[in-house]
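Here is the structure we will look at, set down as structure tokens.
Here is how names work: the chains are called A, B, and so on, in the same order as the sequence lines, proteins then strands, and each is numbered from 1.
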Amino acid sequence: MKRIDETQLLQAMGEVGDDLLLRAERPGTARSRRPWRGALAACLCLALVLTAVLYLPNSFRMGSSGNTAAEPGAAQNESAGHPNYEQGQPEAGQEGSDYETAVDAVPEHEGAEKGETGREHPEHGMQDGAACLAELGIGDASALAAAACGGRSVPAADLYQALASAAVMDADRDGAPLQLTEQVTLTLASGTVLEGRGDPAAGVLQLGGYHFYHSDFSVLLKGA
Amino acid sequence: MEDGQIIDLYWQRSEEAIVQSERKYGAYCRAIACAILTAREDAEECLSDTWLAAWRAMPPQRPAVLRTFLGRLTRNLSLNRQLYNAAQKRGGGEVTIALEELKECAGSESAEGMLEAAELGRVIDVFLRTLPEMECSIFLRRYWYLDSIDAIAGQFGLRAGAVKTRLSRTRGKLKKYLWKEGYAL
């Protein structure tokens, strides 16, 4: 049995192999011994994405009975390959289109960036409904003098209530497949006429570049 | 310049070999010397001695890895200088602390008879290869490069306490391994 002291041990350490010394100069590889941090970050990111994907689309539809009615139609629409959502938003330059008419009735909206108005919620393209109505000139119930859908008169007060409590999406960002088949005309107390389109099955009224979601539209905008 | 070309210069007895060595590995060797020696002047002297030792060693030697060859020379020279300084009660630094730490796996009494440092080094080399890569690297950073605990913690992204714990465990393993290999503790 040989006896050694710490000085000999320290000096003998100098004889270890070159490969071990070179490896010890790369501590970056050793850091990978804590992979759980990266995995945790990845899990958190995944959870956020799943929350966004699964939860938010439902919140846009407000969880009403109109939602369930909208889904079969939407699926049918997609399978046909001709989404009416696109038909309900004619391309710019089409003279006399309902979309342009509605926009023209609200000149202050023209050319405005949605994200710059301050109405938009910081996430998901959701809009502040009250601000959108004010922008359209319907600041309160008295501002809406009359409403009609497909030539049928609609109670203005009821329509206003639905609009005021609706969830509002920017039409350009709303990817929901809609069937905006019903012609809607709103006459304001100021004499301005706003035209829009409705999807009663989905409970949606498209007006002035916004999609107003409310289950009451399923009843109010139903064809005569 | 490639290591092979620098070694060729040593073999050709060209003083350009020292210039190129210092240019390529001066910072590396200086870092080793400064980790061991507390006095800057001592470190610079050891660095100069490193080039001289390399000049004397090549030829006949032709090192496979010039970097570690020069680093080893610097370490040995610096350790000897530090041990001398410590004996003279002039300075302490990381060597003194490292020696204190190693006391627990090496007997405090002097070795009986001459011990082949190369043989003990081989035993330690074999032991280190049984360790996980991180434990081995931390151990070498501490007892070969003489890095401080805080420096090692920074290099490996660990807390100082975690580094101490890992070093303590490795010293314990080394103690058992040396015992099995016939080295009395």
Write down the atom of B/Asp125, the atom of A/Gly17, and the distance for their closest heavy-atom approach.
OD2-N, 2.6 Å
Quick check: are there more than 12 heavy atoms from other residues, nucleotides or ligands sitting under 6.0 Å from NZ of B/Lys24?
yes
Determine, stepwise, if the pair B/Tyr183 / A/Arg3 fulfils side chain to side chain contact (heavy atoms under 4.5 Å, CB included).
CA-CA 6 Å; B/Tyr183 289 95; A/Arg3 293 198 66 84; over 6 Å; no
Identify the heavy atoms of B/Arg75 and A/Gln11 that sit nearest to each other, and give their distance.
NH1-O, 4.0 Å
Is it true that, when you exclude B/Arg169 itself, more than 12 heavy atoms of the residues, nucleotides or ligands shown sit nearer than 6.0 Å to its CZ?
no
Sort by residue number and list every residue of residues 67-74 of chain B having at least one heavy atom under 4.5 Å from chain A.
B/Arg67, B/Thr68, B/Arg72
Under 4.5 Å, counting heavy-atom pairs only, tell me which of B/Asn76, B/Leu146, B/Leu79 racks up the most with chain A.
B/Leu79
Any heavy-atom pair between the side chains of B/Leu178 and A/Ile4 that's under 4.5 Å?
yes
For the residue pair A/Ala24 and B/Arg141, what are the closest heavy atoms and their distance?
O-CD, 3.1 Å
Who are the salt bridge (Lys or Arg N to Asp or Glu O under 4.0 Å) partners of B/Arg30, not counting sequence neighbours?
B/Glu44
Would you name the heavy atoms of B/Tyr143 and A/Leu10 that are closest together and state the gap between them?
O-CD1, 3.4 Å
Under the rule for side chain to side chain contact (heavy atoms under 4.5 Å, CB included), what residues qualify as partners of A/Asp140, not counting sequence neighbours?
A/Ser142, A/Ala143, A/Tyr160
Residues of residues 51-59 of chain B contacting chain A, heavy-atom criterion under 4.5 Å, by residue number:
none
Any chance you could measure A/Glu15, atom CD, to B/Arg122, atom CZ, to the nearest 0.5 Å?
12.0 Å
Taking the side chain from B/Tyr145 and the backbone from A/Leu21, do they hold a donor-acceptor pair closer than 3.5 Å?
yes
Do you know the tightest heavy-atom contact between B/Gly121 and A/Val16?
O-CG1, 4.5 Å
Between B/Phe127 and chain A, which part of the residue has a heavy atom less than 4.5 Å away: side chain, backbone, both or neither?
neither
Pairwise distance CZ(B/Phe139) to CE(A/Met13) - rounded to 0.5 angstrom:
4.0 Å
Of all heavy-atom pairs between B/Cys136 and A/Leu20, which one has the smallest distance, and what is that distance?
SG-CD2, 3.9 Å
